[in-house]
Amino acid sequence: VVHRPESAAAESMRCIRTAIFFDAGKSGDKVYQVTSPLPGDGKSTIAANLASSIAIAGKKVLLIDLDLRSPRLTSRFNLDKAEGMTNLLNGDCDPRSAIHSTPLENLDILPCGAIPSNPAEALTLPEMSEAFAWFRDNYDFIIVDTPPLLLVTDPAIVTNYVDKTLMVMRIVRACKPNSIEAMGILRNAGANVM
């Protein structure tokens with residue numbers, strides 16, 4: 001979206017952005033989770049490009065790396081040693097200190113922070129709800145990158161804090177049974193899948 005704005009991939013991101021804008025206009029939703037059945041499906045790439053596309057459209061966006069096990073976005077934005085979500089949950093900093101600006105106007109990122117010993121338990125802390133309330137008050141849109149559904153329970157837990165979930169999958173031979181299983185997990189968690 002940023003480096004090749006005329007590409008077919010960038011146009012695909014704009015299509016997803018348009019769908020989110022229509023959805024938000026009708027529902028008032030602003031927090032969107034991005035997950036996938038398995039690693040390598042492209043969820044972090046989609047999350048980063050979607051957040052960038054929304055920011056380019058003039059909306060104030062927060063991109064959250066809530067993959068507390070393998071934080072790809074944190075690495076891609078060179079924030080491996082920066083304060084982030086785990087520091088916020090531990091009470092080591094406030095949201096303004098944990099959130100970092102990016103070179104793209106209107107786009108901020110909240111990296112993972114130090115990887116916790118119990119990621120799933122960290123996601124259920126009361127401080128998580130408080131953090132998301134603050135994010136909602138301070139941003140037009142929040143895009144949340146979470147781990148793959150078929151590996152860990154974390155994405156199902158995160159559905160409690162978001163308005164809608166987007167599931168990304170790579171189209172390969174075994175994707176249908178994986179996608180059915182992943183959708184079952186989301187439905188059982190009460191996710192609102194877009």
Side-chain angles (χ1 to χ4, degrees), residues 16 20 29 31-51 62-92 95 98-100 109-133 135-136 141-194:
I16 298 171
I20 284 177
D29 292 341
V31 184
Y32 293 84
Q33 172 186 12
V34 182
T35 189
S36 65
L38 295 169
D41 281 336
K43 64 175 184 54
S44 298
T45 300
I46 297 289
N49 278 280
L50 179 58
L62 177 62
L63 176 61
I64 301 175
D65 190 348
L66 211 47
D67 187 338
L68 303 184
R69 297 169 191 269
S70 180
R72 299 267 188 254
L73 289 178
T74 296
S75 296
R76 287 183 186 168
F77 282 83
N78 297 316
L79 293 169
D80 294 304
K81 298 191 186 312
E83 286 186 317
M85 179 60 90
T86 55
N87 304 95
L88 182 59
L89 295 176
N90 290 334
D92 298 334
I99 293 170
H100 304 269
I109 182 168
L110 176 58
C112 169
I115 294 176
S117 56
N118 297 308
E121 287 76 11
L123 295 172
T124 62
L125 293 171
E127 290 82 0
M128 186 67 77
S129 294
E130 295 167 15
F132 270 89
F135 304 151
R136 287 176 184 274
F141 287 92
I142 299 104
I143 305 298
V144 185
D145 183 36
T146 57
L149 284 154
L150 300 184
L151 297 186
V152 294
T153 62
D154 304 15
I157 296 168
V158 173
T159 61
N160 293 302
Y161 308 110
V162 303
D163 300 317
K164 295 273 173 52
T165 299
L166 288 80
M167 188 168 68
V168 175
M169 67 192 91
R170 184 178 302 275
I171 305 301
V172 293
R173 180 172 286 167
C175 72
K176 189 171 183 179
N178 290 337
S179 64
I180 290 170
E181 185 179 353
M183 284 299 292
I185 292 168
L186 289 173
R187 285 196 183 98
N188 288 337
N192 192 350
V193 181
M194 184 174 170

Practice problem: Please examine the side chains of Phe135 and Ile64, heavy atoms only from C-beta on, and report whether any two atoms are closer than 4.5 Å. | Solution: yes
Self-check item: Heavy-atom pair with the smallest gap, counting every atom of Pro71 and Ile115
Solution: CD-CD1, 3.8 Å
Quiz item: Is there side-chain contact between Ile46 and Asp41, with heavy atoms separated by less than 4.5 Å?
Solution: no
Quiz item: Are any of the side-chain heavy atoms of Leu73 and Asp67 separated by less than 4.5 Å?
Solution: no
Quiz item: Could you state the interatomic distance from CG (Asp65) to CE (Met85), rounded to the nearest 0.5 Å?
Solution: 9.5 Å
Quiz item: Do Pro37 and Met167 have side-chain heavy atoms sitting under 4.5 Å apart?
Solution: yes
Self-check item: Under 3.5 Å donor-acceptor, His100 side chain and Gly84 backbone
Solution: no
Quiz item: Shortest non-hydrogen contact from Asp145 to Lys43?
Solution: OD1-NZ, 3.2 Å
Exercise. Supply the atom-to-atom distance Phe77 CZ to Ile109 CD1, rounded to the nearest 0.5 angstrom.
Key: 4.5 Å
Exercise. Enter the distance from Leu150:CG to Ser179:OG here, rounded to the nearest 0.5 Å.
Key: 9.0 Å
Exercise. List for me each residue that meets side-chain hydrogen bond (donor to acceptor under 3.5 Å, both in side chains) alongside Thr86, sequence neighbours excluded, and say none if there are none.
Key: none
Practice problem: Check the pair Met183 / Val193 against side-chain contact (heavy atoms from CB on, under 4.5 Å), numbers first and verdict last. | Solution: CA-CA 8 Å; Met183 284 299 292; Val193 181; 3.9 Å; yes
Exercise. Go through Ile20 and Met194 one step at a time and tell me if the side-chain contact (heavy atoms from CB on, under 4.5 Å) criterion holds.
Key: CA-CA 9 Å; Ile20 284 177; Met194 184 174 170; 3.9 Å; yes
Exercise. Identify the two heavy atoms, one from Arg170 and one from Gly42, that lie closest to each other, and give their separation to 0.1 Å.
Key: NH2-N, 4.4 Å
Quiz item: In Å and rounded to the nearest 0.5 Å, what is the OH to OG1 distance from Tyr161 to Thr124?
Solution: 6.0 Å
Exercise. Determine whether Arg136 and Asp163 make a side-chain contact, defined as any pair of heavy atoms from C-beta on separated by less than 4.5 Å.
Key: yes
Quiz item: Does any donor atom in the side chain of Arg76 or Thr45 lie under 3.5 Å from an acceptor atom in the other side chain?
Solution: yes
Quiz item: Any side-chain donor paired with an acceptor under 3.5 Å for Asp154 and Thr146?
Solution: no
Quiz item: Can any side-chain N or O of Thr74 pair as donor or acceptor with the backbone N or O of Cys112 at less than 3.5 Å?
Solution: yes
Quiz item: Taking all atoms of both residues into account, what is the closest heavy-atom pair of Ala122 and Met128, and its distance?
Solution: O-CE, 4.1 Å
Quiz item: Under the 3.5 angstrom rule, does the side chain of Arg69 hit a backbone N or O of Pro119 as a donor-acceptor pair?
Solution: no
Self-check item: Any Leu88 side-chain heavy atom under 4.5 Å of Pro95 side chain
Solution: yes
Self-check item: CG on Leu123 to CG on Asn118, rounded to 0.5 Å
Solution: 11.0 Å
Exercise. Kindly indicate whether the side chain of Phe132, heavy atoms from C-beta on, has any atom under 4.5 Å from the side chain of Asn160.
Key: no
Quiz prompt | Heavy-atom closest contact (Pro39 atom, Leu151 atom, distance) | solution = CG-CD1, 3.3 Å
Quiz item: With a 3.5 Å cut-off and no angle check, do the side chains of Ser75 and Asp80 form a donor-acceptor pair?
Solution: yes
Quiz item: Considering residues at least two apart in sequence or located in another chain, which fulfil the ring pair (Phe, Tyr, Trp, His ring centres under 6.0 Å) criterion with Tyr32?
Solution: none
Self-check item: Under 3.5 Å: donor-acceptor pair, side chain of Thr35, backbone of Pro147
Solution: yes
Exercise. Nearest 0.5 Å please: distance from the CZ atom of Arg187 over to the CD1 atom of Ile180.
Key: 9.5 Å
Quiz item: Looking at Asn87 and Ala82, what are the two nearest heavy atoms and their distance?
Solution: OD1-O, 4.2 Å
